[in-house]
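Just so you know, these numbers come straight off a predicted model, no measurement behind them.
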Amino acid sequence: MTPNTNPASQAHTGSPPSSGFERSVGPKSATAINMTQMCGIGPFVTIPTMVATMGGPQAMFGWLIGAIIALADGLVWAELGAAMPGAGGTYVYLREAFQYRTGRLMPFLFAWTALLFIPLIMSTGVIGLVTYLGYLVPGVVDANGNTTLIGHVIGIAVVALTVVLLYRKIGQISKLTSVLFGVMLCSVIAVIIAAYTHFHPSLAFAFTPGAFHPFGGAFWAGLGAGLVIAIYDYLGYNTTAYLGAEIRDPGRVLPRSIVYSIVGIMALYFLLQVGVLGAVPWEEVTKSTSIASLVLERSWGVVAAKIITVLVIVTAFGSVFAGLLGGSRVPFEAARDKLFLPWFGKLHPRLHFPHVGLIVMGVITAIGSLFTLSDVINMLTAVFVIVQSVAQVFALIVLRRRQPGLNRPYRMWLYPVPAIVALAGWLFIYYSAGLKPVLLSLAWMVVGIAAYLVWAKVERTWPFGPKEIREQYLTATAA
């Protein structure tokens, strides 16, 4: 990925020097943060659901289609993140793009929804962690795979431990994240190797008869619901964009960390899915609550299965760790703009990180871990698609037109094709999330708009006052 030759890009940081953050996250740590958040427990708990939803081994192609959407959206993040590397990611992009017509409405709505959907993503990691712990510890989950009371208590304790470990400087966290990334790779690769030592092509490629028939085939019938699962498993490639104010040389590091992490995880997921399907009949896969442990037990025995299950549990913890690390930065910029509760805009006086955002998101994560995995996935997907994913595509287009002079160390390849692919993919996923999650997400947005109007009335800003146009990053480029 080659940055442009604009000399300004060499010195441009895009973040005001008074932000208070330390730019100490380099390229390796940035990619590790993204991949640790992306993989986590996701595929280990969703492969059975994915296979059941798409009616057989053809589910492997659902991961590839999901990867195409993720990569197209990743290029949106790459351009916006490289040009505007501030804390909070999407909040900054929406603030800069939509201030001309709707004032601060869109960044407010994003901060409003982020307080819900980011912790919900982390909740799925906690739920998955507890599920796999049930393979080792009796009583954590019941016979149907549902979390028991003691399992919920353990989940809340995991969240508390994560918050405690994140209560430190970003430089120290980067080192810990690299360790968790290594554990994640070991766990995934171990399951992949185990699967292929017990691999039967006749199982892996036993596609359901008529699965790909254009009218009523199992693949097409389950594609929408399957993509909801697939895109959930890819979420996290944008984590470094939330940490934009703490990335060294963000014009180069941010785009590369995003693209490399998506391509790397796509390869791991596809190998893992095919390997699992070749080691265990797909009918058994759909009934398993800890598929990685089952594959390891079939291939290497119970002892090996228990050892690797421990690594899977650590991997799940790593995804929660990386997610809360990035998510806790989102409300910071909104609070600094006096668009959100002022407590979120304060950095810890000694450790220099937004500790209030970390604590609040930790609490919401703990609450979300009390629900079922499928309910949480559908809800979080519906909540973030409109206010983040779809809005961000339009933000990219608006900024290209409104701020042509903005320094862009990276420009989207083949623009606007990836933006169109991402937009179409997100709208299809939103529709496929189901009526209840969509209605709940719309209700949450309506309440958010009402809250914004109350705030705007008090602050006498749009629509009750003049718009405040602050082209912060364009001004930084000019300077």
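- No donor-acceptor contact under 3.5 angstrom links the side chains of Ser123 and Ser369, judged on distance only.
- The salt bridge (Lys or Arg N to Asp or Glu O under 4.0 Å) check on Arg298 picks up Glu284, with sequence neighbours excluded.
- Under 3.5 Å, the side chains of Tyr237 and Ser257 contain no donor-acceptor pair of N or O atoms.
- The side chain to side chain contact (heavy atoms under 4.5 Å, CB included) search around Thr131 returns Ile127, Thr289, not counting sequence neighbours.
- Within a 6.0 Å sphere centred on CZ of Phe371, other residues, nucleotides and ligands contribute 12 heavy atoms or fewer.
- Contacts of Ile193 classified as side chain to side chain contact (heavy atoms under 4.5 Å, CB included), with partners at least two apart in sequence or in another chain: Ile189, Thr197, Trp300.
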| message | One pair to check against side chain to side chain donor-acceptor pair (under 3.5 Å): Asp142 and Thr148. What are the steps and the verdict? | response | CA-CA 6 Å; Asp142 61 23; Thr148 63; over 6 Å; no
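- Remark: Asp233 engages Pro43, Thr46, Trp63, Ile229, Tyr269 in a side chain to side chain contact (heavy atoms under 4.5 Å, CB included) (not counting sequence neighbours).
- In summary, the side chains of Thr31 and Asn34 do not present any donor paired with an acceptor at a separation below 3.5 Å, with no hydrogens or angles considered.
- Contacts of Ser389 classified as side chain to side chain contact (heavy atoms under 4.5 Å, CB included), with partners at least two apart in sequence or in another chain: Phe384, Trp426.
- Checked by atom type, the side-chain pair Gln388/Tyr91 shows no donor-acceptor distance below 3.5 Å.
- Residues passing the ring-ring contact (aromatic ring centres under 6.0 Å, His included) test with His198, sequence neighbours excluded: His200.
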